Each structure stands twice: as structure tokens, then as C-alpha cells.
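Numbers here are sequence positions counted from 1. If you're wondering where the values come from, they're calculated on a predicted model, not measured in any experiment.
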Amino acid sequence: MSTWPEPPNYYDAPTKAHKVILQTPGYPVVFQEPSISQVVTNMRGGHWSFVAGMTALGYGLGYWKGSVTHWQKPASTFGAIFLGQFGLLHMMQDEAYRLMGFKENSKEVARNMPGAAVADA
């Protein structure tokens, strides 16, 4: 005969944090928890090129798929928005990893922490 565990009391204050970090940063941490504005202002030129390329690819694919049913304009607009949003969110995630120190971030350290010494890789 097993006993059921006691149900949690949702009115009590939490006893432990819900954020779990599974790895340690391998590069200098610029921002522990970067905001959206910090991520967007620190995006590199290559990130914006990727966003523009995904938007153009979405427009072209939408036009091509919409031409079958003569819906080129709505399909191309949807494709541009859909793949443009994917590209933007993907590059924002990449930049957030750089700001948190999980990817190479020498440019971000030089831009946001001018007094910090950056080791040559």
C-alpha cells in the first residue's frame, strides 16, 4: 500500500528558483539576462544580413507557391513575414547567447565593456 505525496500549497512562497543553468559560460559575460533592446542593439551585420536573406527567400518562395492558384501577392507577403520573423528570432537567440557568454563575443565585449581586456584567440 503506497501513500500519495502531499499536494503542494500554491499560496506559499517558492522555496527554490525555477531557472536552471545547465552549462557555464565559456566567454566573458556581457549581460547575465539580456533584454530585447540589448539583444537588438548588439546584433551584428551578419545577423541583419541573415534576416534580410530569409525575408527575401520567403517572398520568393511565397510568390512561387502562390502562382499555382494566382495568389502571388498574399502568399509572397505571408512568406516574407513568416521567414523574416524566423530569421529575426533565430538571430536574436544567437546574439543573446553571445551576450550571456555561451558563444564567441569579442565584439560585444569591446562594445559594451570598454575597460575589459579581451584575450586574443
Side-chain angles (χ1 to χ4, degrees):
M1 182 169 128
S2 64
T3 59
W4 289 90
E6 200 61 36
N9 185 358
Y10 296 107
Y11 298 105
D12 289 342
T15 57
K16 58 185 173 184
H18 297 287
K19 182 178 178 183
V20 178
I21 297 176
L22 300 176
Q23 60 183 3
T24 57
Y27 297 95
V29 176
V30 179
F31 296 111
Q32 187 79 22
E33 294 181 6
S35 66
I36 292 174
S37 62
Q38 291 168 337
V39 169
V40 171
T41 56
N42 282 293
M43 284 176 64
R44 296 179 177 188
H47 292 153
W48 291 112
S49 299
F50 183 82
V51 173
M54 291 303 289
T55 304
L57 178 69
Y59 187 87
L61 286 175
Y63 191 89
W64 174 60
K65 293 301 284 183
S67 64
V68 176
T69 59
H70 301 290
W71 274 43
Q72 292 95 340
K73 191 171 183 180
S76 59
T77 303
F78 174 78
I81 291 171
F82 186 76
L83 284 183
Q85 183 181 15
F86 163 75
L88 180 65
L89 292 176
H90 184 63
M91 288 297 104
M92 285 176 67
Q93 178 183 8
D94 184 68
E95 187 58 40
Y97 285 161
R98 290 181 192 280
L99 293 174
M100 291 186 288
F102 294 114
K103 293 184 85 174
E104 186 278 321
N105 61 358
S106 59
K107 292 180 182 178
E108 288 78 8
V109 169
R111 184 182 308 139
N112 295 298
M113 304 164 62
V118 179
D120 293 338

With a 4.5 Å cut-off on side-chain heavy atoms, are L88 and W48 touching? yes
Can you tell me how far apart CZ (F78) and NZ (K65) are? Round to the nearest 0.5 Å. 13.0 Å
Test of understanding: clusters of I, L, V, M, F, W, Y form through side-chain heavy atoms closer than 4.5 Å, transitively. Do L83 and W64 belong to the same one? yes
Within the structure provided, determine whether N42 and V30 are in side-chain contact (heavy-atom separation under 4.5 Å). no
Would you indicate whether the side-chain heavy atoms of M54 and H90 approach each other to under 4.5 Å? no
In Å, rounded to the nearest 0.5 Å, how long is the span from CD of E95 to NZ of K103? 9.5 Å
So if you build clusters from Ile, Leu, Val, Met, Phe, Trp, Tyr with side-chain heavy-atom gaps below 4.5 Å, do V109 and L99 land together? yes
On a heavy-atom basis, which atom in G84 and which in T55 lie closest, and how many Å separate them? CA-OG1, 3.2 Å
Give the ring-plane orientation class for F102 versus Y97, where under 30° counts as parallel, over 60° as perpendicular and anything between as tilted. perpendicular
Between V29 and M113, is there a shared hydrophobic cluster once you connect ILVMFWY residues whose side-chain heavy atoms come closer than 4.5 Å? no
Provide the closest heavy-atom pair for E104 versus S106 in the form atom of the first, atom of the second, distance. OE2-OG, 2.6 Å
Roughly how far, to the nearest 0.5 Å, is CG of N105 from CG of N112? 9.5 Å
Indicate, with yes or no, if V51 and I36 share a hydrophobic cluster defined by side-chain heavy-atom contacts under 4.5 Å among Ile, Leu, Val, Met, Phe, Trp and Tyr. yes
Determine, using the 4.5 Å side-chain heavy-atom cutoff (strictly less than), whether V40 and F50 are members of one ILVMFWY cluster. yes
Check whether any side-chain heavy atom of P25 lies under 4.5 Å from a side-chain heavy atom of M100, and answer yes or no. no
Would you sort out whether R44 and E108 count as a side-chain contact (heavy atoms from CB on, under 4.5 Å), showing the intermediate values? CA-CA 9 Å; R44 296 179 177 188; E108 288 78 8; 2.9 Å; yes
Spacing of CZ belonging to F86 relative to CG belonging to L57, to within rounding of 0.5 Å: 10.5 Å
Does any part of the side chain of H47, heavy atoms only, come nearer than 4.5 Å to the side chain of M92, both counted from C-beta? no
Rounded to the nearest 0.5 Å, what's the gap from CZ on F31 to CZ on R98? Could you check? 15.5 Å
Smallest separation among heavy atoms of G62 and A75, with atom names: O-CB, 3.2 Å
Please list, chain by chain and in numerical order, all residues satisfying side-chain contact (heavy atoms from CB on, under 4.5 Å) with Q72, sequence neighbours excluded. Y63, S67, H70
